[in-house]
Peer 1: 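Before anything else, here's the structure in question.
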Amino acid sequence: MNYNFQEIEKKWQAHWASQKTFRASENSDLPKYYVLDMFPYPSGAGLHVGHPLGYIASDIIARHRRHLGFNVLHPQGYDSFGLPAEQYAIQTGQHPAKTTTTNINRYREQLDRMGFSFDWDREVRTSDPSYYRWTQWIFLKLFESYYDLDADKAKPIAALILRFEKEGNKKVKAHCDPETPVFDAAQWNVFDLLEKQKVLLHYRLTYLSFTEVNWCPALGTVLANDEIVNGVSERGGHPVTKKKMRQWSMRLGAYANRLLEDLNDLDWSDALKEMQKNWIGKSVGANIYFKIENHPEKLEVFTTRPDTVFGVSYMTLAPEHTLVKKITSVDQQKAVEGYIEKVAGKSDRERQADVKSISGVFTGAHALHPFTGQRIPIWIGEYVFAGYGTGAVMAVPSGDQRDFDFAIHFGLPIINIFKGKDISQGAFSDKENFVLTHSGFLEGMDYKSAMEKVIYELEYQKCGEGTVNFRLRDAIFSRQRYWGEPIPMYFKNDIPIPLPEACLPLKLPDIEKYLPTEEGKPPLGRAKKWAWDEAQQEVVPNNRIDHQTVFPLELNTMPGWAGSSWYFNRYMDAQNKKEWAGQEALKYWKNVDFYMGGSEHATGHLLYSRFWQKVLFDLGHVDQKEYAKKIVNQGMILGNSAFIYRKKGTHTYVSKGLVGDNVVEPIHVDVSMVNAQDELDLDELKQWQQDFQHAEFVLENKKYIVGREVEKMSKSKYNVVNPDEICDTYGADTLRMYEMFLGPIEQDKPWNTAGISGVHNFLKKFWRLFYHQNDWSVTDTPPQTESLKILHQTIKKVSVDLDRLSFNTCVSTFMICINELTALKCSNKSILEPLLVLLSPFAPHFCEELWERLGHTQSIAFAPYPVYDASKIIEKTKKYPVSFNGKMRFTLHLSLDLGVEDIKEIVMKETQTSDQLKGAAPKKIIIVPGKIINIVV
RNA sequence: GCGGGUGUGGUGAAAUUGGUAGACACGCUAGAUUUAGGAUCUAGUGCUUCACGGCGUGGGGGUUCGAGUCCCUUCACCCGCACCA
């Protein structure tokens, strides 16, 4: 009987599916364990071998936990709203729902071939109305909430209204827009309905406002900060500009501090935590108010170095700062306007590209120093951002390099406030090893005491206060797209009103073209008829059936991250039709114990989803303030691209070794046409693309050798390896083990099929322990001590390595184990059976089959984990390194039960005959128990 | 510039607390057996030397009887953030 992986894998995949072997249930006395993968976006290209890497690792964890006696929840689904399906729809007119379904089916087929133990009864699709009705529901929950700073949590907006009715908003401490008007109870109570709604918008956790957004003209939509990479859109690499638009936003900033603080309790990698910390960007400092000469308003700046306030020699405002227009003097007007125009014309990318050149212009106005009363010129400069702090800085050239450079460039004064420090070459920006001078009441102080003193004085003199600033911005939530969740809102006199919950889901209407309308409205503006819930038709206002429309609906859709911000909770009760998830299920599964996914989501999904969880926590919908206790980032599997070299301007291709001084253009060729020795199959190439039929190939040793380069796997680079092919040739179990064997799970690594035979051979070898020369060879005889030792060593090593997530060494351990058992010709049932359980998370089909052949009727998936027995592997002897005067040495194998005196005696005897001592007696023998024997001669 | 990470054979990589560096696998070299379907088995394989030996974990220095592992310093590469006040 040979190892027929194709038959075996097909059989068990069908069996698991029909028996629903991995269906999870809340009715269990076992402890729960929730293993989650980041659900995929089902792209048209299908899966390549890189995608399953994380799924395999998490599946091993899930299966391992089942053996350990946990009730495991291991779901999977699809993040099925997104740009590519819509772009495809624009090109082809094909409805995104249709492409999405096709892609999902393809994904499912591929996933099913790899033997994952998913509970498919809990599948979610973010683009399915039965799912996104609850995404819309959560949106409404955020809309109906505000952030109470006294309680430091979100509360229902109804509570806020009650307070307004009683006492107005003067005493209300809440996270709200800076331009929120102040009113008392009497004023509130006479506001009309719309006015009240306007006020409340300043408080709601999801709100509508005019904001400067990242506009991507090519995609025709707004992008979030994390969707922009190096100044261009993450998807497609299109340029991005600034634009003011009326947009939905989420008050992410309200949670900045909690998102930062709660990181401490999470078992995430340092890299991941650092990325989030960085993104949140907390900085402690002070706001300082400067009076402006001949102007009623004050100029407020944020600084992390209020201790250097006596070194201020000028101020800089962001070009967009609202004060600029008000304070600019008549004779500077032209210069300022010209400068602003120049800056506004630059794209983000251009602005980022030349960070070195210094630009700015004087406004003609002066501020007054709060402590010295000195006149300080006010400049504007590009290096100051409107969006950070107050959009204005106090410039201290002696303590900040940028201020220094700016001062030198424009010939502004530099006040050295650091005693004895040379600042002729650059600023002194350390926070240590200095004392202040020329600094009034801070004279002679160091950083720490100056900080305390200056903040005290600022607050005492009412010209500033200590404060904390975050880099984290509120999240813009509107997208001018079709293929996303409709926002369940309509407008009355331009004031947004939520749809009643009973109207959810507000379904995506069909439209003819997936492009903005002629008036520039989002694609949804084309909808003639909205597909709302049939039973609720009357309640839903329609936006454009003839011209009798009363209430227009919101035409923007939600961003990609909406659906993925809560799906982990939906899995707990995925089929619930009445609630977003039932409390019973939520309380049972609590949170994710093991979350596997890519680190590219560090500042996107992983931040937004924590935010939503915290809001839902505050509002009492979940009882976990963090949803993912542990996250592991799998590395990326890279492609090993192949290139041929075309002589420039010709149709001649030279083999890699003959390129020499030729000017050549490397051209990608499909990696499937290249063998392990980098030799290209020219016949295949000519069939692959007609162009090559008549090309000339210059060979070396009668072969065409390609160049190789490691790149991201992608269709356009022809370096994609399809897992289906691997499953056909070697089987899913081999693929699973090989992907784990490739290297540490968190490391990026290029794919290389060459090594896969080693893993495949291992399975065949293991099979042969069961079938010796085609005959079943398993015996019931008592095992040899040697075999027992190997078994228990393996149990121990694999257990420890699984805890360390060192999957690659687990595979090696299995190989060593089987090599040794083969050498011993071991076929004992009592050895092989526990090994199958141990191996089954890695090679589930293989183990399930042999488990059945051993006579079991229950799935191996729930077989108890083998018990480790230390007594089976305890060594009788131990190694003792022996050194002479700390120089030379040899190793003694000594019995464990020896005492110190016994050891000394043996060492004496040994050393007498040793060359090292040449017969002389050692002066002293030092024995460190369990470590070393040091002999002093 | 700031933060995080990685440097070990021809290749992917191992090496709990410092204790025989290179396990395991690929590849390669011999040989055996069998020859059909990507077969199996045995031996060898860090570099260097005919050999004894010497040298070896990016470089330099240190601690230690002993360092891939700890400390200092330096270089290279990767990732994230970045005129963030």
Side-chain angles (χ1 to χ4, degrees), chain A residues 2 229 269-279 281-283 285 301-306 308 315-316 318 351-352 354-359 381-385 387-396 399-403 405-406 429 469-472 599-600 602-603 633 635-636 676-677 729-730 737-738 741-744 746-762 764-765 768 797 800-801 803-804 806 808-819 822 879-891 926 928 930-936:
Chain A
N2 282 326
V229 178
S269 72
D270 288 340
L272 203 53
K273 285 189 187 180
E274 280 304 320
M275 269 190 247
Q276 287 213 346
K277 275 183 196 165
N278 223 311
W279 194 260
K282 179 178 181 171
S283 39
V301 302
F302 171 74
T303 176
T304 54
R305 295 295 301 274
T308 63
M315 315 286 284
T316 316
R351 226 172 143 165
Q352 270 182 26
D354 79 335
V355 292
K356 272 165 234 147
S357 64
I358 295 162
S359 76
E382 234 189 315
Y383 79 96
V384 179
F385 287 114
Y388 183 78
T390 62
V393 300
M394 59 174 218
V396 183
D400 184 289
Q401 192 57 43
R402 289 158 308 175
D403 297 344
D405 295 340
F406 195 88
S429 50
N469 215 306
F470 292 95
R471 201 181 75 100
L472 187 69
S599 59
E600 68 270 21
T603 53
N633 297 125
M636 210 191 315
Q677 281 75 47
T729 326
Y730 297 98
M737 290 196 80
Y738 184 58
F741 183 68
L742 230 39
E746 295 188 83
Q747 197 173 296
D748 288 349
K749 51 214 155 217
W751 176 264
N752 177 10
T753 313
I756 201 167
S757 61
V759 174
H760 193 61
N761 283 342
F762 156 78
K764 287 198 282 193
K765 256 190 218 174
R768 257 180 265 128
K797 187 85 182 21
V800 170
D801 286 347
D803 282 347
R804 298 192 305 150
S806 181
N808 56 332
T809 52
C810 286
V811 177
S812 293
T813 305
F814 284 124
M815 289 179 178
I816 295 168
C817 171
I818 296 310
N819 284 347
T822 304
K879 287 183 224 168
Y880 287 86
V882 181
S883 81
F884 295 84
N885 283 350
K887 280 196 177 162
M888 306 162 205
R889 68 167 215 239
F890 59 91
T891 308
I926 305 159
V928 183
K931 283 279 179 185
I932 189 178
I933 302 170
N934 193 5
I935 299 169
V936 183

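Chain A is the first sequence line, chain B the second, and so forth, proteins listed ahead of strands; every chain is numbered from 1.
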Peer 1: Within the structure shown, what part of the strands sits under 4.0 Å from A:Asn819 by heavy-atom distance: base, sugar-phosphate, or nothing?
Peer 2: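 Sugar-phosphate contact only - A:Asn819 comes under 4.0 Å of backbone atoms but never of a base.
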
Peer 1: So do A:Lys765 and A:Arg768 actually touch side chain to side chain, heavy atoms under 4.5 Å?
Peer 2: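 Heavy-atom side-chain distance check passes, below 4.5 Å.
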
Peer 1: Whole angstrom is fine here: how far is it from NZ in A:Lys797 over to P in B:A15?
Peer 2: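 That distance rounds to 6 Å.
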
Peer 1: For nucleotides 8-12 of chain B, which of its nitrogen or oxygen atoms have a protein nitrogen or oxygen under 3.5 Å away, and what is each distance?
Peer 2:
unit_1: B:G12; atom_1: O2'; unit_2: A:Leu742; atom_2: O; d: 2.5

Peer 1: Using a cut-off of 4.0 Å between protein heavy atoms and nucleotide atoms, how would you tag nucleotides 29-34 of chain B 5' to 3' with B, S and -?
Peer 2: ------

Peer 1: Tell me the partner of B:A23, counting only Watson-Crick (N1-N3 plus N6-O4 or O6-N4) or G-U wobble (N1-O2 and O6-N3) with both under 3.5 Å; none if nothing fits.
Peer 2: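 Across any shown strand, B:A23 pairs with none.
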
Peer 1: Within this structure, what is the NZ-to-P distance between A:Lys765 and B:U40, rounded to whole angstrom?
Peer 2: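 Taking NZ of A:Lys765 and P of B:U40, I get 9 Å after rounding.
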
Peer 1: Would you mind reading off the distance between A:Glu600 atom CD and B:G5 atom C1', rounded to a whole angstrom?
Peer 2: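 After rounding, the gap between these two atoms is 17 Å.
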
Peer 1: First locate atom CD1 of A:Ile818, then atom NZ of A:Lys764, and finally report the distance between them rounded to the nearest 0.5 Å.
Peer 2: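 Output value for this atom pair is 15.5 Å.
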
Peer 1: Whole angstroms only, please: what is the OH-P distance between A:Tyr730 and B:C26?
Peer 2: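 Answer to the nearest Å: 11 Å.
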
Peer 1: Considering only B:G27, B:C24, B:A13, which nucleotide approaches the side chain of A:Ser757 most closely?
Peer 2: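 Of the candidates, B:G27 comes closest.
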
Peer 1: Rounding to the closest angstrom, what is the interatomic distance between B:A25 and B:U45 at atom P?
Peer 2: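 After rounding to an integer number of Å, I get 15 Å for this pair.
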
Peer 1: Hey, mind stepping through A:Asp801 and A:Arg804 against salt bridge (Lys or Arg N to Asp or Glu O under 4.0 Å) and telling me if it holds?
Peer 2: CA-CA 5 Å; A:Asp801 286 347; A:Arg804 298 192 305 150; 2.9 Å; yes

Peer 1: Using Watson-Crick or G-U wobble geometry with both distances under 3.5 Å, which nucleotide pairs with B:U57?
Peer 2: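 No nucleotide pairs with B:U57.
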
Peer 1: Applying the Watson-Crick and G-U wobble criteria at under 3.5 Å, what pairs with B:G3? Answer none if nothing qualifies.
Peer 2: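 Paired with B:G3, as far as the under-3.5 Å criterion goes, is B:C79.
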
Peer 1: Could you work out the separation of B:U17 and B:G68 based on their C1' atoms and round it to a whole Å?
Peer 2: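 Result for the C1' pair: 16 Å, nearest Å.
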
Peer 1: Do nucleotides 76-83 of chain B as a string where each nucleotide becomes B, S or -: B if the base has a protein heavy atom under 4.0 Å, S if just the sugar-phosphate does, - if no protein is that close.
Peer 2: ----BSSB

Peer 1: To the nearest 0.5 angstrom, please state how far the OH atom of A:Tyr730 sits from the OG1 atom of A:Thr753.
Peer 2: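 OG1 of A:Thr753 is found 7.5 Å from OH of A:Tyr730.
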
Peer 1: What integer number of Å spans the P atoms of B:C24 and B:U42?
Peer 2: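 Approximately 13 Å lies between the P atom of B:C24 and that of B:U42.
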
Peer 1: Who is the Watson-Crick or G-U wobble partner of B:C41, with both distances under 3.5 Å?
Peer 2: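 Checking every strand shown, B:C41 finds its partner in B:G31, with both distances under 3.5 Å.
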
Peer 1: How long is the straight-line distance from NZ of A:Lys797 back to OG of A:Ser812, given to the nearest 0.5 Å?
Peer 2: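 Going from the OG atom of A:Ser812 to the NZ atom of A:Lys797 covers 8.0 Å.
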
Peer 1: Applying side-chain contact (heavy atoms from CB on, under 4.5 Å), run through A:Thr729 and A:His760 and close with a yes or a no.
Peer 2: CA-CA 10 Å; A:Thr729 326; A:His760 193 61; over 6 Å; no

Peer 1: Considering every strand and a 4.0 Å limit on heavy-atom distances, what is the contact class for A:Asn761: base, sugar-phosphate, or nothing?
Peer 2: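 It contacts sugar-phosphate atoms only.
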
Peer 1: Check the distance between B:C84's C1' and A:Lys277's NZ and give it to me in whole angstrom.
Peer 2: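 A:Lys277 atom NZ is separated from B:C84 atom C1' by 18 Å.
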
Peer 1: Between atom CG in A:Asn633 and atom C1' in B:G4, what is the gap in whole Å?
Peer 2: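 The distance from CG of A:Asn633 to C1' of B:G4 comes to 12 Å, rounded to the nearest Å.
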
Peer 1: Anti or syn, where syn is a glycosidic angle within 90° of 0; which label fits B:G27?
Peer 2: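 It is anti.
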
Peer 1: So, taking the atom named CG in A:Asn469 and the one named OG1 in A:Thr304, what distance separates them when rounded to the nearest 0.5 Å?
Peer 2: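 Answer rounded to 0.5 Å: 10.0 Å.
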
Peer 1: Is it the case that A:Asp405 and A:Gln401 place a side-chain donor and acceptor less than 3.5 Å from each other?
Peer 2: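 Yes, a side-chain donor-acceptor pair sits under 3.5 Å.
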
Peer 1: Tell me, do A:Asn633 and A:Glu600 make a side-chain contact under 4.5 Å, heavy atoms counted?
Peer 2: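 In short, these two side chains do not touch, never coming nearer than 4.5 Å.
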
Peer 1: What does B:C50 pair with, Watson-Crick or G-U, if both distances are under 3.5 Å?
Peer 2: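 By the stated definition (distances under 3.5 Å), nothing pairs with B:C50.
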
Peer 1: Between A:Ala271 and A:Thr809, just flag the one whose closest nucleotide in RNA chain B comes earlier from the 5' side.
Peer 2: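 Its nearest nucleotide being more 5', the pick is A:Ala271.
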
Peer 1: Has A:Arg305 got a side-chain N or O lying under 4.0 Å from the OP1 or OP2 atom of B:C84?
Peer 2: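 For A:Arg305, the contact criterion (side-chain N or O under 4.0 Å from OP1 or OP2 of B:C84) is not met.
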
Peer 1: So A:Asp403 and A:Tyr383, do their side chains get closer than 4.5 Å, heavy atoms only?
Peer 2: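 A:Tyr383 reaches A:Asp403 side chain to side chain.
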
Peer 1: Suppose we define a pair by two distances each less than 3.5 Å, Watson-Crick or G-U wobble; what does B:G9 pair with here?
Peer 2: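 Looking at the geometry, B:G9 pairs with no nucleotide.
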
Peer 1: Side chains of A:Arg305 and A:Asp400: closer than 4.5 Å at any heavy-atom pair?
Peer 2: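 The answer is no, as the side chains (C-beta and beyond) never meet within the 4.5 Å cut-off.
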
Peer 1: How about A:Phe741 and A:Ile756: do any of their side-chain heavy atoms sit closer than 4.5 Å?
Peer 2: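 Counting from C-beta outward, A:Phe741 and A:Ile756 never come under 4.5 Å.
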
Peer 1: In whole angstrom, give the distance that lies between atom NZ of A:Lys282 and atom P of B:G3.
Peer 2: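 After rounding, the reported distance stands at 19 Å.
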
Peer 1: Could you please name the partner base of B:G66, counting Watson-Crick and G-U wobble pairs only when both distances are under 3.5 Å?
Peer 2: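 Partner of B:G66: none found under 3.5 Å.
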
Peer 1: If you measure from OG on A:Ser357 to CD on A:Glu382, what distance do you get to the nearest 0.5 Å?
Peer 2: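 Reported value, rounded in 0.5 Å steps: 6.5 Å.
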
Peer 1: So, A:Tyr738 and A:Asn752: side-chain donor and acceptor under 3.5 Å apart, yes or no?
Peer 2: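 Distance-only check fails for A:Tyr738 and A:Asn752.
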
Peer 1: If we take the C1' atom in both B:C47 and B:A82, what is their distance in whole Å?
Peer 2: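 One C1' to the other, the span is 45 Å.
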
Peer 1: If I pick the P atom on B:C84 and the same atom on B:G10, what distance separates them, to the nearest angstrom?
Peer 2: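 Result for the P pair: 45 Å, nearest Å.
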
Peer 1: When you compare B:G46 with B:C52, how far apart are their P atoms, in angstrom units rounded to a whole number?
Peer 2: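 B:G46 and B:C52 have their P atoms separated by 14 Å.
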
Peer 1: Using whole Å, what does the distance between atom P of nucleotide B:G37 and atom NE2 of A:His760 come to?
Peer 2: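 In whole Å, B:G37 P lies 14 Å from A:His760 NE2.
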
Peer 1: Between B:C24, B:A13, B:U40, which one does the side chain of A:Asn808 approach most closely?
Peer 2: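 Minimum distance to the A:Asn808 side chain belongs to B:A13.
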
Peer 1: Provide the distance between the two C1' atoms, one in B:A76 and one in B:U57, to the nearest whole Å.
Peer 2: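 One C1' to the other, the span is 16 Å.
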
Peer 1: If you compare every side-chain N and O of A:Lys764 against the phosphate oxygens of B:U40 (OP1, OP2), does one of them come in below 4.0 Å?
Peer 2: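 So the side-chain polar atoms of A:Lys764 do come within 4.0 Å of the phosphate oxygens OP1 or OP2 of B:U40, strictly under.
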
Peer 1: Taking atom P in both B:G59 and B:C55, what distance in whole Å separates the two?
Peer 2: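 Taking atom P in both B:G59 and B:C55, they lie 15 Å apart.
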
